[in-house]
Amino acid sequence: MPFYVFAWIASFAFALVSVIGKLSAKYSIKNPWLFNFLWMFFSLCLTIPLAITNKVGIPTHWNSLILVAVFNTAFGILYIIGLSLLDISVFMPLLNLRTAFVAILGALFLGEILQPFQYLLVAFILVSGMIVTIDEKLSIRSFFRWPVAVAMLCTLSYTLMGIFTKRAIEKNGYWEVTLWMAIISQIFLLPTFFLFKNDIHKLNLKQIGTVFSMSLALFIGVITEIWAYKDNVVITSIITSLPISIVLAFIFSIFAPQLLEKHTLKVYAVRLIAAGTMIFAALKLSY
């Protein structure tokens with residue numbers, strides 16, 4: 001099967017993660033701490049068999065791995081909270097700020113000075129990130145809200161997780177980092193039990209199945225993306241970066257406006273153009 005088929009599967013799978021997550025947070029499991037714990041747990045359960053199949057071992061360098069787990073835990077918590085507070089068509093594009101954050105952190109802490117054109121691309125990403133939050137008022141003030149701050153912290157955690165993941169894989173191996181990061185993250189989440197212990201008995205099979213489907217969509221997305229990367233990194237990155245979640249949100253707004261989110265065509269057009277600009281600038285910056 002051609003690599004781009006796997007890339008498209010990954011792209012749709014990642015979009016489904018956000019849609020399922022938003023619907024679950026809105027109608028199924030409203031306690032974000034319980035939601036996140038189950039999401040991480042099911043993701044771990046799906047990872048274990050594949051890691052064992054690939055002969056996963058015991059890590060030898062724990063420092064970078066623990067840092068990966070710290071930021072992965074923070075990312076998971078902030079992802080669920082941010083998804084419950086913001087529209088999909090706002091929250092998901094804000095994750096594309098990751099490339100700009102990497103460039104800024106590299107300049108501040110690693111002395112990686114970019115070319116003027118590259119800094120211009122970073123500016124485009126940041127400005128587009130502000131524009132993507134615009135609602136019917138068409139005011140940039142919509143960016144300066146605390147739910148957007150949660151999304152920004154989520155993206156920062158995601159960025160730092162990626163940076164330390166690269167280092168951890170170099171020292172330990174891919175499957176060692178993938179599995180043990182998930183295990184350690186789950187351990188870090190154990191103290192949050194006290195924030196959802198009263199809601200556990202309210203869980204039913206439908207709610208559990210919904211969260212599991214979200215974990216499964218993420219699992220499929222990651223695996224198919226990795227498979228596509230083996231043959232072509234550039235095209236795979238383009239396909240998996242497409243703002244499909246915004247398109248799905250727009251479709252929902254037409255056929256089931258009460259279910260997910262509802263905005264005017266103008267708002268979705270602005271958000272789609274802003275998200276597209278972010279992706280284009282990020283890809284130019286990356287390659």
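Residues take their numbers from the sequence shown, with the count starting at 1.
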Could you see if [X] belongs to whatever hydrophobic cluster contains [Y]? Use Ile, Leu, Val, Met, Phe, Trp, Tyr and a side-chain cutoff under 4.5 Å.
{"X": "L95", "Y": "V148", "value": "yes"}
{"X": "I251", "Y": "L259", "value": "no"}
{"X": "I273", "Y": "V267", "value": "no"}
{"X": "F250", "Y": "I20", "value": "no"}
{"X": "V247", "Y": "F255", "value": "yes"}

Hey, are Q207 and Y27 close enough side-chain-wise for a donor-acceptor pair under 3.5 Å?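 There is no such pair between these side chains.
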Polar contact flag, side-chain donor to acceptor under 3.5 angstrom, R98-T155: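 The answer is no; no qualifying pair exists.
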Crowding at [atom1], [X] (>12 non-hydrogen neighbours, <6.0 Å):
{"X": "L205", "atom1": "CG", "value": "no"}
{"X": "W62", "atom1": "CH2", "value": "yes"}
{"X": "F3", "atom1": "CZ", "value": "yes"}
{"X": "K262", "atom1": "NZ", "value": "yes"}
{"X": "F280", "atom1": "CZ", "value": "no"}
{"X": "Y158", "atom1": "OH", "value": "no"}
{"X": "F143", "atom1": "CZ", "value": "yes"}
{"X": "F42", "atom1": "CZ", "value": "yes"}

Does [Y] offer a backbone N or O that forms a donor-acceptor pair with the side chain of [X] under 3.5 Å?
{"X": "E225", "Y": "A7", "answer": "no"}
{"X": "E176", "Y": "P59", "answer": "no"}
{"X": "K266", "Y": "E136", "answer": "no"}

Could you check if a side-chain atom of [X] sits within less than 4.5 angstrom of a side-chain atom of [Y], using non-hydrogen atoms only?
{"X": "L179", "Y": "L44", "result": "yes"}
{"X": "P93", "Y": "I246", "result": "yes"}
{"X": "I183", "Y": "T47", "result": "no"}
{"X": "I125", "Y": "T277", "result": "no"}
{"X": "F194", "Y": "W33", "result": "no"}
{"X": "S24", "Y": "F35", "result": "yes"}
{"X": "L50", "Y": "L46", "result": "no"}
{"X": "L272", "Y": "P243", "result": "yes"}

Rounded to the nearest 0.5 Å, what separates atom [atom1] in [X] from atom [atom2] in [Y]?
{"X": "H61", "Y": "E170", "atom1": "NE2", "atom2": "CD", "answer": "11.5 Å"}
{"X": "I131", "Y": "T133", "atom1": "CD1", "atom2": "OG1", "answer": "9.0 Å"}
{"X": "N36", "Y": "I29", "atom1": "CG", "atom2": "CD1", "answer": "11.0 Å"}
{"X": "I134", "Y": "S89", "atom1": "CD1", "atom2": "OG", "answer": "12.0 Å"}
{"X": "I169", "Y": "T178", "atom1": "CD1", "atom2": "OG1", "answer": "6.0 Å"}
{"X": "F188", "Y": "N72", "atom1": "CZ", "atom2": "CG", "answer": "10.0 Å"}

I need the minimum non-hydrogen distance between [X] and [Y], along with the two atoms involved.
{"X": "S245", "Y": "S18", "answer": "CB-OG, 3.6 Å"}
{"X": "I244", "Y": "A15", "answer": "CG2-CB, 3.7 Å"}
{"X": "V68", "Y": "A168", "answer": "CG2-CB, 4.0 Å"}
{"X": "S139", "Y": "S142", "answer": "O-OG, 2.9 Å"}
{"X": "S157", "Y": "F71", "answer": "O-CB, 3.6 Å"}
{"X": "G221", "Y": "A10", "answer": "O-CB, 3.4 Å"}

Could you go through the side chain to side chain contact (heavy atoms under 4.5 Å, CB included) check for E261 and I88 one step at a time? CA-CA 8 Å; E261 62 180 63; I88 288 176; 4.0 Å; yes
Sorted by first residue and then second, give each ring pair (Phe, Tyr, Trp, His ring centres under 6.0 Å) pair with at least one member in residues 76-103; sequence neighbours left out.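 Qualifying pairs: W39-Y79, F75-Y79, Y79-F91.
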Would you check, one step at a time, whether the test side chain to side chain contact (heavy atoms under 4.5 Å, CB included) holds for R145 with L86? CA-CA 10 Å; R145 298 177 291 146; L86 292 168; 3.7 Å; yes
Set out, in order, the CA-CA distance, both residues' side-chain angles and the distance that settles side chain to side chain contact (heavy atoms under 4.5 Å, CB included) for K171 and T60, then state yes or no. CA-CA 8 Å; K171 295 179 179 180; T60 55; 5.8 Å; no
Under the side chain to side chain contact (heavy atoms under 4.5 Å, CB included) criterion, do D87 and H263 qualify, and how do the steps go? CA-CA 10 Å; D87 291 339; H263 295 286; 2.4 Å; yes
Salt bridge K30-D199, side-chain N to carboxylate O under 4.0 Å: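 Here K30 does not pair with D199 in a salt bridge, since their nearest N and O are not under 4.0 Å apart.
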Look at the aromatic rings of F37 and F196 and report parallel, tilted or perpendicular, splitting at 30° and 60°.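 Tilted: the ring planes of F37 and F196 meet at 30° to 60°.
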